[in-house]
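Here the structure is a predicted model, which means the values were calculated and not measured.
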Amino acid sequence: MIIELATPDDLSRLLAFREEAAAWLSELGSDQWRRPYPPERLLATIEAGTVFMVRDGGATAATITLTPEAEDGLWASEELSEPSLFVNKLTVARTYAGRDLGGRMLDWAGDRAYRSGASWLRLDAWTTNEELQRYYLRHGFEYVRTVTEGGAVNGGPRVSGWLAQRPARLWSGPDFTDESPAPRPVQAA
């Protein structure tokens with residue numbers, strides 16, 4: 001498998017990933033990702049060079065967004081003074097479920113954060129998706145707090161405010177051939 005930057009040509013695949021994940025989550029009883037994500041916002045993240053795709057031959061297996069930009073209203077100013085990378089929209093195609101691909105992507109992201117000079121790999125998860133929260137805890141993240149004030153980036157009230165972090169660290173996993181550009185140095189906010 002290779003990991004590379006997404007291109008604008010990946011926009012429809014990324015939107016389909018989100019729809020597939022929302023349908024699966026709905027079957028599990030979760031309301032996560034039911035509200036459509038604005039394509040123009042997703043395209044902006046692709047063009048910013050923060051969206052990565054995991055490819056397996058001709059198939060796209062997964063995606064992750066890794067950005068130095070924190071969502072407004074989630075992290076305290078003292079936390080933002082520590083250099084960090086933030087995980088967003090980690091999604092694995094259902095045909096690749098059960099292989100811990102998401103966990104390996106988190107390890108890759110932690111390595112990328114470390115190589116960029118970040119101290120932390122941070123994320124916000126769906127506030128009511130307790131299974132997802134347990135998933136991140138099993139992958140070495142520590143719960144920070146839950147933020148419910150504010151609005152969601154795609155409209156409506158904040159729904160993704162369960163905050164967690166783990167130290168950025170080197171990863172020796174050979175799982176992916178990384179064809180993405182070297183990480184840029186991260187500065188504290």
Side-chain angles (χ1 to χ4, degrees), residues 1 3 6 13-38 41-42 45 50-54 60-76 79 84-113 118 120-169 171 173 175-176:
M1 284 190 208
I3 191 161
R13 179 65 191 139
L14 289 166
L15 291 169
F17 261 174
R18 190 170 177 97
E19 289 175 15
E20 178 186 56
W24 173 68
L25 289 163
S26 181
E27 289 173 13
L28 298 176
S30 175
D31 64 345
Q32 184 171 341
W33 290 359
R34 284 194 189 157
R35 201 171 338 161
Y37 198 81
R41 288 187 68 101
L42 190 52
T45 61
T50 61
V51 181
F52 299 86
M53 306 295 279
V54 176
T60 301
T63 182
I64 188 171
T65 298
L66 193 58
T67 177
E69 303 296 324
E71 185 178 325
D72 288 340
L74 290 178
W75 297 91
E79 292 164 334
S84 305
L85 284 183
F86 299 87
V87 172
N88 294 297
K89 298 184 274 311
L90 171 62
T91 312
V92 175
R94 299 312 316 143
T95 54
Y96 287 84
R99 304 179 196 184
D100 197 33
L101 181 55
R104 295 184 344 246
M105 291 172 64
L106 290 169
D107 289 339
W108 170 86
D111 178 87
R112 190 170 181 87
W120 296 101
L121 182 63
R122 291 178 163 149
L123 57 82
D124 60 281
W126 205 258
T127 305
T128 60
N129 190 336
E130 294 177 5
E131 183 56 37
L132 178 62
Q133 296 163 16
R134 286 189 292 273
Y135 174 84
Y136 287 126
L137 293 172
R138 285 192 306 271
H139 283 87
F141 285 83
E142 293 183 12
Y143 171 73
V144 175
R145 72 180 159 281
T146 300
V147 177
T148 56
E149 298 83 28
V153 296
N154 58 340
R158 181 177 309 283
V159 288
S160 188
W162 184 88
L163 306 183
Q165 64 186 13
R166 74 180 196 194
R169 61 182 180 241
W171 176 52
D175 291 80
F176 305 123

Any donor-acceptor pair under 3.5 Å from Q133 side chain to T127 backbone: yes
Separation between CG of D100 and CZ of R138, rounded to the nearest 0.5 Å: 9.0 Å
Check: P68 and F86 side chains under 4.5 Å, non-hydrogen atoms: no
Pairwise distance CG(L163) to CH2(W75) - rounded to 0.5 angstrom: 4.5 Å
Atom pair CG/OH of N129 and Y135 - distance to nearest 0.5 Å: 12.0 Å
Non-neighbouring partners of D124 that pass salt bridge (charged side-chain N to carboxylate O under 4.0 Å, His left out), sequence neighbours left out: none
E131, CD: over 12 other non-hydrogen atoms inside 6.0 angstrom: yes
Partners passing salt bridge (charged side-chain N to carboxylate O under 4.0 Å, His left out) against R112 (at least two apart in sequence or in another chain): none
Pairs flagged by side-chain hydrogen bond (donor to acceptor under 3.5 Å, both in side chains) wherever residues 60-69 is involved - sequence neighbours left out: R55-T60
Side chains of L132 and W162 in contact at under 4.5 Å (non-hydrogen atoms): no
Which atom of Q165 lies closest to which atom of R122, heavy atoms considered: OE1-NE, 2.7 Å
R145 side chain vs L74 backbone, donor-acceptor pair below 3.5 Å: yes
Gap between atom CG of L123 and atom OH of Y136 - 0.5 Å precision: 5.5 Å
Heavy-atom donor-acceptor pair, R166 side chain to G110 backbone, under 3.5 Å: no
Min side-chain heavy-atom separation L14-K89 under 4.5 Å: no
Minimum heavy-atom distance between A113 and L121, given as atom pair plus value: CB-CD1, 4.5 Å
Gap separating the CH2 atom of W171 from the CH2 atom of W108, nearest 0.5 angstrom: 9.5 Å
Student check: side-chain heavy atoms of V54 and V92 closer than 4.5 Å: no
Atom pair OG1/CG of T45 and N88 - distance to nearest 0.5 Å: 8.5 Å
